[in-house]
Amino acid sequence: MGKVLITGGSKGIGKAMAEEFLSRKYDVILTARNKQDLENTKKELQKKYKNQIIEIEAADLISEESWDILIKKYNEIDILVNNAGMVKLGYSYETENRILLDGIRLNVEAPCFLGNYYIKKMLEKDDTDTIRGIINVSSIAGLFPHPLTVFYSPSKYFLDQYSCNMRYEIRKNYKNSRVNVMSLCPGAVDTEFTGKAKFLKMKAFCRKFRFLNLMMSPEYVAKSAVKDFFRGRKRSVPGAFYKTAGFLVRFLPERLCAKLMYEGMVKETE
């Protein structure tokens, strides 16, 4: 079918994305910082998908050198999933500059660099038979003010708008193109990522209301996202609850929204 490059592909949403694309007969390239995690994930997936090619590349995308290595080694792909990211909870003005800049580099600069490089390649060989494009993993937190997430919420807002803008530009200038750029904006996902961020109280709360699917599985998010991508959607918000919340929050005063988020997040930073 084609080849998919997934950053942050060893665990969580990235790993679930890999499995979803493999189930659709795509070959995958997985990148992450930890080589052992990548090898374990490849071994696990290869047992199930024996006929597909699974490549791995250990890369720390905070480093600009790793961006060049990726595009030189994997010059052409069909789909890019910009999933790698980091989060830091706390007060922005108390955050070390190094952590702040690392977060911006990983969450914003790396997706932009890879996205701009690969989208040009995709448009050059665009045809009406193959769907190509980019899935940028943003967050529901990027759709409204979210104090105490330092660079995380602003970076996800940027990714969402970056995706929407690029998609519109392609639609405007490549009328028959099947290249899509989609923003994925999940709510709470039960991954190691949220565990590292210490969203422990939030996770406990979400699990009390399982019927609302507040704490989604990575597999559920990946399946919803890939389906929306192939349908040509500009934004994927998995889960009925988060779709509704993402729509309603537009009508809340910004100050009230920020207050609600602050009250919820301050408990996580105590």
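On a predicted model such as this, the values are computed, not experimentally measured, just so you know.
Atom NZ in Lys234 sits 5.0 Å away from atom SG in Cys164 (nearest 0.5 Å). One finds the NZ atom of Lys88 at 5.0 Å from the OG1 atom of Thr95 (value rounded to the nearest 0.5 Å). The distance from the OG1 atom of Thr41 to the CD atom of Glu19 is 10.5 Å, given to the nearest 0.5 Å. Ile140 contributes atom CD1, which lies 9.5 Å from atom NZ of Lys243 (distance to the nearest 0.5 angstrom). Between atom OG of residue Ser23 and atom NZ of residue Lys25 there is a gap of 8.5 Å, rounded to the nearest 0.5 Å.
Contact detail for Thr31 and Leu38: the closest heavy-atom pair is C-CD2, 3.9 Å. Across Ser66 and Asp60, no two heavy atoms sit closer than the pair OG-O, 2.8 Å. Between Pro145 and Glu254, the shortest heavy-atom contact is CG-CG, 3.4 Å. Heavy-atom minimum distance, Met17 versus Leu184: CE-CD2, 3.6 Å. When all heavy atoms of Ile170 and Ser177 are compared, the pair lying nearest together is CG2-OG, 4.0 Å. Listed here is the closest heavy atom pair of Thr191 and Pro218: CG2-CG, 3.6 Å.
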### Task
For side-chain contact (heavy atoms from CB on, under 4.5 Å), just list the numbers for Phe229 and Arg231, CA-CA rounded to whole Å, side-chain angles, deciding distance to a tenth of an Å, and then say yes or no.
CA-CA 5 Å; Phe229 175 77; Arg231 286 174 175 171; over 6 Å; no
### Query
Under the side-chain contact (heavy atoms from CB on, under 4.5 Å) criterion, do Val108 and Phe151 qualify, and how do the steps go?
CA-CA 10 Å; Val108 174; Phe151 54 78; over 6 Å; no
### Task
Walk me through it: do Lys223 and Glu219 pass the test salt bridge (Lys or Arg N to Asp or Glu O under 4.0 Å)?
CA-CA 6 Å; Lys223 188 174 290 292; Glu219 292 75 21; over 6 Å; no
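At least one donor-acceptor pair under 3.5 Å links the side chain of Gln46 to the backbone N or O of Tyr49. Between the side chain of Ser153 and the backbone N or O of Thr149 there is no donor-acceptor pair closer than 3.5 Å. A distance-only check finds no donor-acceptor pair linking the side chain of Ser224 to the backbone of Pro238 [under 3.5 Å]. Checked by atom type and distance alone, the side chain of Tyr168 never pairs as donor or acceptor with a backbone atom of Ser163 at under 3.5 Å. Between the side chain of Asn180 and the main chain of Arg233, a donor-acceptor pair closer than 3.5 Å is present. The main-chain N or O of Leu45 is never found under 3.5 Å from a side-chain atom of Lys15 such that the two would form a donor-acceptor pair. Between the side chain of Trp67 and the backbone N or O of Leu61 there is at least one donor-acceptor pair closer than 3.5 Å. Without hydrogens or angle criteria, Ser155 side chain to Ile104 main chain gives no donor-acceptor distance under 3.5 Å.
Side-chain contact between Lys125 and Glu76 is present, with heavy atoms from C-beta onward closer than 4.5 Å. When side chains are defined from C-beta on, Ile134 does not count as touching Ile79, because their heavy atoms never get closer than 4.5 Å. In this structure the side chain of Asp160 never reaches within 4.5 angstrom of the side chain of Asn136, judged on heavy atoms. The side-chain heavy atoms of Arg171 and Arg167, taken from C-beta on, include a pair separated by under 4.5 Å. In this structure the side chain of Met216 reaches within 4.5 angstrom of the side chain of Tyr242, judged on heavy atoms. A 4.5 Å side-chain heavy-atom check between Tyr220 and Val189 finds every atom pair outside the cut-off. The closest side-chain heavy-atom distance from Glu57 to Leu70 is below 4.5 Å. Residues Leu114 and Thr7 form a side-chain contact, since some pair of their non-hydrogen atoms from C-beta on lies under 4.5 Å apart.
For CG of Leu100, the number of neighbouring non-hydrogen atoms (other residues, nucleotides, ligands) closer than 6.0 Å is greater than 12. Counting heavy-atom neighbours within 6.0 Å of Glu94 CD, excluding the residue itself, gives a total above 12. For Asn51, the CG atom is loosely surrounded, since the number of other residues' heavy atoms within 6.0 Å does not exceed 12. Residue-environment remark: CZ (Phe230) exceeds the threshold of 12 foreign heavy atoms within 6.0 Å.
The residue from Leu159, Val81, Asn82, Val221 that alone fulfils the side chain to side chain contact (heavy atoms under 4.5 Å, CB included) condition with Val137 is Val81.
Taking Ile, Leu, Val, Met, Phe, Trp and Tyr as members and joining any whose side-chain heavy atoms lie under 4.5 Å apart, directly or through other members, the hydrophobic cluster of Phe251 also contains Phe247, Leu248.
With respect to the salt-bridge test (charged N to carboxylate O, under 4.0 angstrom), the residues Glu55 and Lys42 do not qualify. A salt bridge links Glu20 with Arg24: the closest approach of a Lys/Arg side-chain nitrogen to an acidic carboxylate oxygen falls below 4.0 angstrom. A salt bridge is absent between Asp27 and Lys3: the closest approach of a Lys/Arg side-chain nitrogen to an acidic carboxylate oxygen does not fall below 4.0 angstrom.
Classification of the Phe21-Tyr26 ring pair by plane angle, with boundaries at 30° and 60°, yields perpendicular.
Under the salt bridge (Lys or Arg N to Asp or Glu O under 4.0 Å) criterion, Asp102 pairs with Arg98, Arg105, not counting sequence neighbours.
By the criterion of side-chain heavy atoms lying less than 4.5 angstrom apart, applied directly or through intervening Ile, Leu, Val, Met, Phe, Trp or Tyr residues, Leu256 is grouped together with Val249 in one hydrophobic cluster. Tyr174 and Val181 fall within a single hydrophobic cluster, where Ile, Leu, Val, Met, Phe, Trp and Tyr side chains are chained together by heavy-atom contacts under 4.5 Å.
Side chain to side chain, Asn40 and Glu44 fail the donor-acceptor criterion of an N or O pair below 3.5 Å. Lys121 and Asn75 are linked by a side-chain donor-acceptor pair at a separation below 3.5 angstrom, with hydrogens and angles left out of the test. Asn116 and Tyr162 are linked by a side-chain donor-acceptor pair at a separation below 3.5 angstrom, with hydrogens and angles left out of the test. Side-chain polar atoms of Ser236 and Asp228 form a donor-acceptor pair below 3.5 angstrom.
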